[in-house]
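This structure is in structure tokens; I'll ask about it shortly.
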2 protein chains.
Amino acid sequence: MSSTARGVRARARIEVTAAIKDEARRQLAEEGAAKLSLRAVARELGMASSALYRYFPSRDDLLTALIIDAYNAIGAAAESAHDAASGSDPARRWTLVCEAVRAWALAHPHEYALIYGSPVPGYTAPQDTVPPAARVGQVFFGITRDAHRSTGLALPELPAGLRPEAERMTADLAPDLPSEAVTALVAAWAELFGLIGFEVFGQFNRVVEDRETFFRHAADRLARGVGLTPPRQGGSEGTAPARRV
Amino acid sequence: MSSTARGVRARARIEVTAAIKDEARRQLAEEGAAKLSLRAVARELGMASSALYRYFPSRDDLLTALIIDAYNAIGAAAESAHDAASGSDPARRWTLVCEAVRAWALAHPHEYALIYGSPVPGYTAPQDTVPPAARVGQVFFGITRDAHRSTGLALPELPAGLRPEAERMTADLAPDLPSEAVTALVAAWAELFGLIGFEVFGQFNRVVEDRETFFRHAADRLARGVGLTPPRQGGSEGTAPARRV
DNA sequence: CACGTATGAGAGCACTGCTCTTGCTCTGGA
DNA sequence: TCCAGAGCAAGAGCAGTGCTCTCATACGTG
């Protein structure tokens, strides 16, 4: 309100900025980050290319804005999947959130590549990408926290050598969780994006065919890895019984 | 011999092609794929930029050549680490190969991004990248095969829904291994590159500090996931005993 | 030896990111 | 109310890019 009442000029700036991002996102989705051209965006919007620099000081800044939006979009997808499954047990919620993240990635491959593929602008991400980038991870922390509070987590003991780093991470990320869970969580977080990335980037071509099924199973195993067990069959050990084959 | 004796012209072509790739690889390592410029390569080599097109018909073809080289390099790193550890038990070999792959990735981040980040040229990889891309995975298959033949693998039973796809993959990839192992192997393969990618691309910044230790532990857990157990403590179940925490 | 082909060089096209200058329009304070 | 300064748009222009075309030259095979 107050910001819109601040004059027609400020209002126009917001709208033009949004229009630029929208058109840029369209081109990104169609052709990929490499082919995103400021001049093409300006052309499509009917404005001079130089005028665009009033809104984004460089191409990298535009890309950074798109990166933040993409992190927020995939984070929102994870969060809304979690909210929709709020009635389910943690292990099921874990899998549903994994599937939502994967679905977003498959629906927006170029945006996914922008954030989880090679980071293109600069080598270190700008500071303001950090909070949006953390949203997906935080959903998994939340699920694990719930399970820890209710049924507890089934996890093997930490090897001695990992203990110092595990406790450091725990203090930083989730002091209310056991260190065994935090390390398992960070690993599962990274591993999840390995699975998704291989699918999005074509590494599973001619390898995995029924990717839905394969992914669901892999996500289930990740859940077991962080100590989440499906209800009413969780004994004292967290993994399905293993046999020698 | 016969190909080099085929005349000074053919010999020169091989050398110039190699020189172009070397210089391109240098620029790739320094600035990343986005900044790799044919003209700059030609300039550095003291030749006209148009002459370069006699050797690579387009920039994408040059990149594809670099991609194949990178796949071969990371594959060779995995294989030589495996050869060097041929005396060790499978679980230990698994971890050592994982660490070698990670070390290569950290030493060649831009080349790693080229092959496991966003695939930049086209959307589907050319056919001749497939065999080099498979080398790393094949090392892991070999390790698992050894363990299966000697001590066997400790793996949980497959869920019924996954069985068809698991048997499809097994027939395609490793008919001599149990389906439980093949699915676990494919998942672990993707998950490994999730761990490595997150480290190389900076996703672990401000999250994981002692990355060596963290990675070694994570690689160990991946080994357990495919049924590899360290010697003299492997009971009938494949994972370390889990407790409720 | 002569012919054809592989190679190199240069000019040129269309495109890119980005800067600078020139006008115009809106806005906040005297 | 008016007006200086800020915000904004447009155009020209620079240096760089991938790629194509033409033309000359040197090679090596008939």
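None of the values given here were measured: they were computed from a predicted structure. Lettering follows sequence order; numbering is per chain, from 1. Side-chain atoms are counted along with the backbone in the values below, which use heavy atoms only and exclude waters and symmetry mates.
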What's touching nucleotides 23-27 of chain D from the protein side, N or O pairs under 3.5 Å?
from	atom 1	to	atom 2	distance (Å)
dC27(D)	O2	R9(B)	NH1	3.2

Which pairs, protein N/O on one side and nucleotides 12-14 of chain D N/O on the other, fall under 3.5 Å?
from	atom 1	to	atom 2	distance (Å)
dG13(D)	O6	R39(A)	NH2	3.4

> Can you tell me how far P of dG18(D) sits from CG of L62(B), to the nearest Å?
Replying inline: 10 Å
> Roughly how many Å is it from CD in E31(A) to P in dC15(C), rounded to a whole number?
Replying inline: 14 Å
> Any idea which heavy atoms bring A81(B) and A100(B) closest together, and the distance?
Replying inline: CB-CB, 3.4 Å
>> Testing the basics here: between V101(A) and I196(A), what is the closest heavy-atom pair and its distance to 0.1 Å?
In response: CG1-CD1, 3.6 Å
>> If I take atom CG in residue L52(B) and atom C1' in nucleotide dC19(D), what distance separates them, rounded to the nearest angstrom?
In response: 12 Å
>> For Y71(B) together with Y116(B), are the ring centres under 6.0 Å from each other?
In response: yes
>> Expressed as a whole number of angstroms, how long is the span from E15(A):CD to dC8(D):C1'?
In response: 15 Å
>> How many whole angstroms separate atom CG of L38(B) from atom C1' of dG8(C)?
In response: 16 Å
> Could you state the CD1-C1' distance from I14(A) to dC8(D), rounded to the nearest angstrom?
Replying inline: 16 Å
>> Donor-acceptor check, side chain of E165(B) to backbone of D210(A), threshold 3.5 angstrom: yes or no?
In response: yes
> What is the ring orientation for F204(A) with F214(A), classed by angle as parallel under 30°, tilted 30 to 60°, or perpendicular over 60°?
Replying inline: perpendicular
> Once you round it to whole Å, what is the distance between P of dG17(C) and CZ of R59(A)?
Replying inline: 6 Å
> Does dA9(D) have OP1 or OP2 sitting under 4.0 Å from an N or O in the side chain of Y55(A)?
Replying inline: yes
>> Checking contacts here: which listed nucleotide (dA10(D), dG18(D), dA9(C)) is nearest the side-chain heavy atoms of S37(B)?
In response: dG18(D)
>> Taking 4.0 Å as the cut-off, does a side-chain nitrogen or oxygen of R43(B) come that near to OP1 or OP2 on dT17(D)?
In response: yes
> Rounded to the Å, how far apart are R13(A) CZ and dT25(C) P?
Replying inline: 19 Å
> With sequence neighbours left out, what residues match D69(A) under side-chain hydrogen bond (donor to acceptor under 3.5 Å, both in side chains)?
Replying inline: K21(A), R25(A)
> Salt-bridged, D172(B) to R168(B), with N to O below 4.0 Å?
Replying inline: yes
> Do F140(A) and W189(A) have ring centroids that are under 6.0 Å from one another?
Replying inline: no
>> As a quick check of understanding, evaluate salt bridge (Lys or Arg N to Asp or Glu O under 4.0 Å) for E212(B) and R102(B), giving each step before the final call.
In response: CA-CA 10 Å; E212(B) 308 271 347; R102(B) 167 179 175 267; 3.4 Å; yes
